[in-house]
Amino acid sequence: MTEAAQTAWLNAIPAAIFVVQHDKIAFANRAASDLVGCPPQELRESPFATLFQDTAEPGVARLLRRNERPLLVELTRAEIDFGGAPAQMITVMKRDPARLYRDAIAGSIDSFFLARLDRDADGNVIDVVVVDASERGIEQTRFPRDQVIGLSLTELYPEASYADLLQGFAMAVASGQSYSSELFVSNRVVIDGWYHVQLVPLQDDHVAVFLRDIDERKASEEVVNRLVNEVEQQARLLDEVLSATPDTFILFDRAGHYLYVNRKALENTGLTNEQVIGKTWRELGFPEEAGLVFDERREQVFRTGEAITYEEQFPALNGLRDFLATLTPIHDENGSIIFMLNTLYDITERKQAERELQKLAADLEQQARVFDEVLSTTPDNFLMIDREGRFVYSSPTALSNANLSAKQVVGKTWSELGFPEEMGAQSDQLVKQVFATGKATTIEVVFPTVQGLRAFESIFSPLHDKTGEVVDVVITNHDITERKQAEEALRENQRLLSSINDTVLAGIAVVDAEGNYVQINRTYADIYGYSASEMIGKHFTMILPPESREAGISAHFSVLNGEIQPSARRWQIVRKDGQTREVIAYNSLLPRENGERLRVVVVLDVSEQAEAQRALEASDRRLNSILTSMEDAVWSVQAESRELLYCNPALETLTGYSAAEFRANHELLTDVVHPDDLDYFRESRLGALEEQSVDIEYRIIRRDGAVRWVHNRYWIVRSGQDTRVDGIMNDITDRRQAAEQTMQLAIERERVGILSNFVRDASHEFRTPLSVINTRLYLMEKISDPQRQGEYIDGIKEQADRILRLVESLITMTRLDSITRMPFERLDLNRVLVMMNVSAQTSASRAGLTFVLDLSPEALHIQGAVNELMTAFSAIFDNAFSYTPRGGRIEVRSYRLNHQEVAVDVRDSGLGIRAEELPHIFERFYRVDHARSIHGFGLGLPIARKIIELHQGRIEVESVPDQGSVFRLIFPADSQGRQAGSGINTMHMND
Ligand code: ADP
């Protein structure tokens, strides 16, 4: 047979045939290409193995068809000769359906039964008979296989409760549609329980029955239904409650079906109850990603039986929301988990708040860091104190000032930190005040820091919360120690400034490019004598005299063109009143953003300064001419080196030495001093260091040898580091002589005055006895009675005696006044008194008095003059006799008063002297009134005192009126070594 005849024959066979040579398809007939689904030529030469896959069953392969599901086929092989070469003819057959069925039911995991319907004559289905059953199906029954096969439905359900099922079979077969039902099965065949029954109609009234045990599920469902019923009841109540809550409640079954959702949950989804109940998330079209995670969680709850809580975010109708979700397992009576409750708390706000809080906290922390950093760079320090006076915050600077840490400070009070009581009290008081008033207050305090005492400006300011209530007080301490010092310096400056005349204040004017005044200050206007309004808009040359206007304009443009740097220049200006003044003008350019150029001029009126300067120069000149022409010598030397810095020609005239000689010899000013006055001169120089100016008079020896008296006034001048001595020296020789003469003259005059007083007083004393004598003589001439004449003569004698005594006293007085020196000898006072004793006793007895002399046993040596001493004693004795009435007693006692002195007391028991008289009794011609009637002249005591004083001694008086007086004469004792005649005394003229 030819190949063509062979292929035509093979194509005619209805079975699919492949001819394979060397494992490749050499030919496929029409049926074969139909089965694979592609033209025969495409199959040619393709490897057979790519089309047919081996299966575990021998002779059965899986045919990989084009565009169709793979097909299990049975292959039959035969060896043939094809085209002259050996080949394999493979016949492909679809697998036997019966076998397929057997395999299917054998391997089915479902309970499967094949049933056949029995019909009556009318064709009504009357029974269903089991024809076959799967292994799982047999297991489901209570019988072995041979008893199951052949079982009829009527046998199974004698109570005819199978009617529905029978009906179902009939319906399924009649309609050709599968029918399913869930029913509780309780028969002799299968184990009692709930089953899902599915009937699939086959040919010839055969029906496939799939039975699925849903007992477990049904049990769950029952609980669910019960619970749902219960829940539904409660739910209505609960719903009311739950719907009022913002939380979401969802009840799921194990498979993830929604069983219950509350109103909030519906609101979240926007769905109705009907749309949701019984569905899974997938059916509701929720996003896969979230759904899978939820499934996992749900599984976990069912597996572990433990509730889980988590936070999640998912979109709700009102946007992306945050939820706190809880999955809680719900158990049935047996403890099996049947549902799961999903509770969702909307925590969006809380989360937002949390996030904001976190952000805020982060911000705050950041701020605090920045705050701290900023604060640590400022010298200011900050404290925050709460209502209880406790520290809430302390800035780093404050902490380092106090050398404390934040931990130590926060929560403490001032006193707890050991600050001085009164300081804490002041702060607490101010904090209280700020809390009470809500107003800041500032004080200045001095505060101990680690750098010592510092001055601070403390601002106590309130810190408010949102409601405006004061929650804390912030104390800002600004170290103002430097500022205080600066202020002090400033005040000092201001004191200086205020002492400077107001005219130094600058006038300021702004002039536009054309030269017109745009702006001027008051001082400016004042300087020129105009008012501001009179100047604004006018050209600045108005204040310049005509001759300098051109210069003014050119200066103006120089400034505008930036040709000259800001500089100062003097100008003569003319005021409104015509007065000429001198000003200094400082010009500068003021460029404006709009391109306009302005000139700013600052003006100082320096007329006074200029005048003062001129005056100073003039005065300098004058001074110079004065210095040159003056007679006083002016000199100036460097303090240390004594180098002559300046002298005028008068120094030359005064000393005879030239300025050059003074410059050459630094000691010349000292060298010219008279040797006798040199010490005095040097001493005065020492004084000059302490006092500022020294006045001395001394003698100098001129170059020509002449001695001259000079007055030198000099003072120390300190200027900066240099110290010099300036002086003025003048010749006072003439003045000195004149002064000496004047003094002599004064002394003379004094003497004359004293004498004339003396004479006046004395003549008064003479006048009385002389007039008595005169009267007596007159009466003598008139009277011839010899007895009376005798009386007159006695009277005349008495007055003559008186005159004699007066003259004696006056002579003594005058002598004592005139002597300056008195020859002294060493003598014993006792001996002097003994010498006077006889006459004293005589006088005493005449006066009817007792005179007692009580001498010291030891000799009382003094330096003295015997006659003078006797005169003095006589005067004292006479007074005692005179002023002591008859019968009285006079005691004279000599004794050693102390180591250096000896004394003589003259004590009488007489009239005594009143206290007011005592100071006067030693004055010349002084007499106490009562004594006038007696005989004295008032010269006794002055003479006595003079003599005692010439002996370097003194007189003391104690007296009690009507009881007596004690006159105590005290002399310096003469020790053995003292030379006789050495007592030289100076007379005091005005004594
Ligand atoms: P006369 O020459 O008058 O005594 P004196 O100078 O001696 O002058 O005394 C001055 C006055 O001092 C006397 O007038 C007398 O009043 C008073 N006087 C001096 N000695 C005594 C004394 N012993 N007792 C009382 N009065 C005395």
Side-chain angles (χ1 to χ4, degrees), residues 757-758 761-769 772 798-799 801-817 833 836 839-841 843-844 846-854 868-893 903-950 953-970 991:
N757 279 344
F758 185 75
D761 293 340
S763 63
H764 173 77
E765 291 301 322
F766 280 115
R767 205 171 292 136
T768 314
V772 172
E798 195 182 318
Q799 292 306 317
D801 271 357
R802 189 174 165 82
I803 289 171
L804 192 65
R805 275 188 291 121
L806 176 61
V807 171
E808 273 174 6
S809 290
L810 284 173
I811 288 168
T812 306
M813 194 77 236
T814 315
R815 187 172 56 86
L816 288 173
D817 275 350
L833 292 171
M836 297 185 67
S839 68
Q841 290 289 354
S843 304
R846 202 182 297 152
L849 300 164
T850 313
F851 182 85
V852 181
L853 188 62
D854 177 11
E868 315 302 336
L869 282 173
M870 284 172 67
T871 307
F873 282 126
S874 298
I876 306 293
F877 290 178
D878 282 352
N879 281 343
F881 299 148
S882 303
Y883 303 109
T884 306
R886 300 184 75 85
R889 179 186 171 89
I890 314 296
E891 276 179 28
V892 175
R893 188 169 79 93
V904 176
D905 283 1
V906 180
R907 183 182 300 271
D908 65 57
S909 58
L911 302 172
I913 307 157
R914 295 204 306 275
E916 63 264 30
E917 311 284 359
L918 268 179
H920 304 290
I921 59 172
F922 290 96
E923 290 170 10
R924 291 175 187 189
F925 300 110
Y926 184 86
R927 284 167 298 190
V928 179
D929 274 348
H930 67 80
R932 272 194 196 276
S933 54
I934 311 180
H935 63 286
F937 305 110
L939 285 174
L941 286 180
I943 288 171
R945 187 172 75 164
K946 182 111 251 167
I947 292 167
I948 305 299
E949 281 176 357
L950 283 169
R954 62 187 191 275
I955 300 183
E956 291 172 358
V957 185
E958 287 167 24
S959 185
V960 181
D962 298 327
Q963 284 192 23
S965 313
V966 182
F967 283 77
R968 179 169 299 128
L969 288 71
I970 302 166
D991 209 10

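In this chain, residues are counted from 1 in sequence order. Just so we're clear, the structure is a prediction, and the values are computed from it rather than from any experiment. Every number for a ligand or one of its atoms is a count from 1 in the order of the listing.
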So, does [X] sit close enough to ligand 1 that a heavy atom of it is under 4.0 Å from the ligand?
X	value
P942	yes
A875	no
S882	no
I913	yes
F967	yes

Check your understanding: Which residue from I921, L939, V966 reaches closest to atom 12 (O) of ligand 1 through any of its heavy atoms?
Key -> I921
Review point. Which option out of N879, I890, T884, V906 puts a heavy atom nearest to atom 19 (C) of ligand 1?
Key: N879
Practice item. Can you label the angle between the F851 ring and the F877 ring as parallel, tilted or perpendicular, going by 30° and 60°? Key: perpendicular
Check your understanding: Is a side-chain donor or acceptor of S909 paired with a backbone partner of G888 at a separation under 3.5 angstrom?
Key -> no
So if I count the atoms of ligand 1 from 1 in the order they appear, which ones are less than 4.0 Å from some heavy atom of [X]?
X	answer
A880	23 (N)
G940	5 (P), 6 (O), 7 (O)
F937	1 (P), 2 (O), 3 (O)
R927	3 (O), 14 (O)

Check your understanding: To the nearest 0.5 Å, how far apart are NZ in K946 and CZ in R815?
Key -> 12.0 Å
Check your understanding: How long is the gap from CG on N879 to CG on L941, to the nearest 0.5 Å?
Key -> 5.0 Å
Point to revise | For S959, all residues meeting side chain to side chain donor-acceptor pair (under 3.5 Å), sequence neighbours excluded | key: S965
**Study point:** Q841, CD: over 12 other non-hydrogen atoms inside 6.0 angstrom
**Key:** yes
Review point. With the threshold set at 4.0 Å, does a side-chain nitrogen-carboxylate oxygen contact exist between E891 and R889?
Key: yes
Practice item. Go through the structure and list residues passing salt bridge (Lys or Arg N to Asp or Glu O under 4.0 Å) with R968, not counting sequence neighbours. Key: D905, E956, E958
